[in-house]
Trainee: 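Submitted below is the structure of interest, expressed as structure tokens.
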Amino acid sequence: MPELPEVETVRRGLTATFVGGRILAAAAHRPNLRFPLPQSFAERLTGRRVLDLRRRAKYLLADLDSGETLVMHLGMSGSFRVEGEPVGEFHHPRGKPGTHDHVELAFEGGARVVYNDPRRFGFMDLIETQALERHPLFAALGVEPLGPDFHAAALASVLAGARTPLKAALLDQRRIAGLGNIYVCEALHGARLSPLRQAGGLKPAETRKLARAIVEVLQAAIEAGGSTLRDHRQTDGELGYFQHSFAVYDREGAGCGHPRCGGMIARTVQSGRSTFYCATCQR
DNA sequence: ATGTGTTCCTGTCCGC
DNA sequence: TGCGGACAGGAACACA
């Protein structure tokens, strides 16, 4: 599910509860998500204060006063919700957790944060904060598209020489980190570039258009609370609504929205995943 | 080194 | 209404 805008939306929604908050109790209702949860997961969270809640690519990072960081990835279907509950208690209506509620955190003051993930492609880990950047999960991640280091030259540099299709290159988290299937399709449409183009073959003007389109679509999506196809919820349960602004994603057969184009949105498959684009104006 | 296909898991939707 | 197949926001992994 969640790409950069959805994860950023979740980060903002959890900040009031997490940052400065103390975890009074933690519970894992199963030993694994996509991967096994780390040793003594609940114990290492219990009693900890959260110093900061950050995002890197599609990862949420909660820095703890123990020197460890709780790393959270939402996979395809992960979501968080915040509920008020009696302090330190996990009280379930029928005496057991809700369907696909896998991890719960009870905060001082009564807030209860629940991680739900039907497909269980998400995962959590506890990693020494000071060693995060060297950890295999993060060491190879590419440039942060909403960060200060992202501009046309940076994009040109990570695409240089790549003979893979533009679509695949933009999905590659080692080149640029945080884009997924939706926002790659949307950004390529915004830049009027074909997803089938060879990634290393863009002209400078095309690279500039693409860099701008990426930033614009991500910012607009964050403004809208992300996109809800099925699972994504903001932490208060509200839907995202950027899906109403899609130009191409899941819009096969619809008209292209670019002025005077008149083309029709097509769907094709690239490396096993749907690509939506306008073959008339995306060249 | 680089590229593509398969896999993990559950749920939903569509056609018959 | 039921059933099978396709498909879904990710990304590690195995292979050509």
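A, B, ... follow the sequence lines: proteins, then strands. Residue 1 opens every chain. Any value given below was found using the heavy atoms of this structure, including those in side chains, with hydrogens, waters and symmetry copies removed.
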Trainee: Roughly how many Å is it from OH in A:Y59 to P in C:dG10, rounded to a whole number?
Mentor: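 Rounded to whole Å, this separation is 12 Å.
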
Trainee: Paired with B:dG5 by Watson-Crick or G-U wobble geometry, both distances under 3.5 Å: which nucleotide is it?
Mentor: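 WC or wobble partner is C:dC13.
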
Trainee: Would you indicate, yes or no, if C:dG10 has its OP1 or OP2 atom less than 4.0 angstrom from a side-chain nitrogen or oxygen of A:K58?
Mentor: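 Result: yes.
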
Trainee: Tell me whether the OP1 or OP2 atom of B:dT2 has a side-chain N or O from A:R163 closer than 4.0 Å.
Mentor: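 No, no such contact exists.
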
Trainee: Quantified in whole Å, what is the P atom distance between nucleotide B:dT6 and nucleotide C:dA6?
Mentor: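 About 13 Å, rounded to a whole number of Å.
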
Trainee: If you check the A:T164 side chain, which of B:dT10, B:dG3, C:dG10 turns out closest?
Mentor: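 Nearest to the side-chain atoms of A:T164, counting from C-beta on, is B:dG3.
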
Trainee: I'd like to know if A:R175 and A:D172 make a salt bridge, using a cut-off of under 4.0 Å between side-chain N and carboxylate O.
Mentor: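 Looking at A:D172 together with A:R175, the answer is yes, because their closest N to O distance falls below 4.0 Å.
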
Trainee: Rounded off to whole Å, could you give me the CZ-to-C1' distance for the A:F80 and C:dG9 pair?
Mentor: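 That distance rounds to 16 Å.
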
Trainee: Figure out the CG/P separation between A:L137 and C:dG10, and round it to whole Å.
Mentor: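 These atoms are roughly 16 Å apart.
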
Trainee: Using a 4.0 Å heavy-atom cut-off across all strands, classify A:P136 as base, sugar-phosphate, or nothing.
Mentor: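 Here A:P136 touches no strand at all.
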
Trainee: Taking atom C1' of B:dG5 as reference, at what distance in whole Å does atom CG of A:D172 sit?
Mentor: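 Taking atom C1' of B:dG5 as the reference, CG of A:D172 is at 16 Å.
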
Trainee: Taking the ring centre of each residue, are A:Y59 and A:F138 less than 6.0 Å apart?
Mentor: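 When the ring centroids of A:Y59 and A:F138 are compared, they turn out to be within the sub-6.0 Å range.
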
Trainee: Side chain of A:N181 only, please: which of C:dG9, B:dC8, C:dA11 is the nearest?
Mentor: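 Of the options given, the side chain of A:N181 lies nearest C:dG9.
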
Trainee: Closer than 4.0 angstrom, basic N to acidic O: yes or no for A:E206 and A:R197?
Mentor: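 Judged by the 4.0 Å cut-off on N to carboxylate O distance, A:E206 and A:R197 do form a salt bridge.
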
Trainee: For A:I176 and C:dG10, give me the distance from atom CD1 to atom P, rounded to whole Å.
Mentor: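 Those two atoms, CD1 and P, are 14 Å apart.
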
Trainee: Between B:dT4, C:dG10, B:dT10, which nucleotide gets closest to the side-chain atoms of A:P165?
Mentor: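 Within the option list, the nearest is B:dT4.
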
Trainee: When you compare B:dA1 with C:dA11, how far apart are their P atoms, in angstrom units rounded to a whole number?
Mentor: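 Their P atoms lie roughly 22 Å apart.
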
Trainee: Any donor-acceptor pair, under 3.5 Å, between the side chain of A:R273 and the base of C:dA8, if you only look at N and O atoms?
Mentor: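 Counting by modelled atom types and ignoring angles, no donor-acceptor contact under 3.5 Å is found here.
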
Trainee: Would you mind telling me which of A:E3, A:Q270, A:K167 makes a side chain to side chain donor-acceptor pair (under 3.5 Å) with A:N181?
Mentor: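 Testing A:N181 for a side chain to side chain donor-acceptor pair (under 3.5 Å) against A:E3, A:Q270, A:K167 leaves exactly one candidate, A:K167.
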
Trainee: Does a nitrogen or oxygen in the side chain of A:Q173 sit under 4.0 Å from OP1 or OP2 of C:dG10?
Mentor: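 Negative; the distance criterion is not met.
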
Trainee: What's the closest nucleotide to the A:H100 side chain, out of C:dA8, C:dG10, B:dG11?
Mentor: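 Taking heavy atoms from C-beta onward, the closest nucleotide is B:dG11.
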
Trainee: Nearest-Å distance, CG (A:D250) to P (C:dC7)?
Mentor: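 Roughly 12 Å, once rounded to whole Å.
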
Trainee: Within the structure shown, what part of the strands sits under 4.0 Å from A:R175 by heavy-atom distance: base, sugar-phosphate, or nothing?
Mentor: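 The residue A:R175 makes sugar-phosphate contact but no base contact.
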
Trainee: Within the side chain of A:R11, is there an N or O that forms a donor-acceptor pair under 3.5 Å with the backbone of A:L53?
Mentor: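 Looks like yes, one N/O pair under 3.5 Å.
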
Trainee: Of the options C:dA11, B:dG3, C:dG9, whose atoms approach the side-chain atoms of A:L229 most closely?
Mentor: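 Nucleotide nearest to A:L229's side chain: C:dG9.
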
Trainee: Give a yes/no on whether any side-chain N or O of A:S274 is located under 4.0 angstrom from OP1 or OP2 of C:dA8.
Mentor: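 For C:dA8, OP1/OP2 do have a side-chain N/O of A:S274 under 4.0 Å.
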
Trainee: Any ion pair linking A:D101 and A:R81 (charged N to carboxylate O, less than 4.0 Å)?
Mentor: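 Yes, charged N to carboxylate O under 4.0 Å.
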
Trainee: Taking only the side-chain nitrogens and oxygens of A:R119, find out if one of them lies under 4.0 Å from OP1 or OP2 of C:dA8.
Mentor: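 It does not, given that no N or O in the side chain of A:R119 lies less than 4.0 Å from OP1 or OP2 of C:dA8.
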
Trainee: Between A:H73 and C:dA11, does any side-chain N or O lie under 4.0 Å from OP1 or OP2?
Mentor: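 For A:H73, the contact criterion (side-chain N or O under 4.0 Å from OP1 or OP2 of C:dA11) is met.
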
Trainee: More than 12 non-hydrogen atoms from neighbouring residues, nucleotides or ligands closer than 6.0 Å to CD on A:E223, yes or no?
Mentor: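 At most 12 heavy atoms, drawn from other residues, nucleotides or ligands, come within 6.0 Å of this atom.
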
Trainee: Need one value for A:R120: base, sugar-phosphate or nothing, where a base atom within 4.0 Å counts as base even if backbone is also close, heavy atoms only.
Mentor: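 The residue A:R120 makes sugar-phosphate contact but no base contact.
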
Trainee: What contact category does A:F123 fall into here, base, sugar-phosphate, or nothing, at under 4.0 angstrom with non-hydrogen atoms?
Mentor: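 Since no nucleic acid heavy atom lies under 4.0 Å of A:F123, the category is nothing.
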
Trainee: Rounded to whole Å, please give me the gap between CZ in A:F121 and P in B:dC9.
Mentor: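 About 8 Å, once rounded to whole Å.
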
Trainee: How long is the line joining CD of A:E6 and C1' of C:dA8, in whole Å?
Mentor: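 These atoms are roughly 14 Å apart.
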
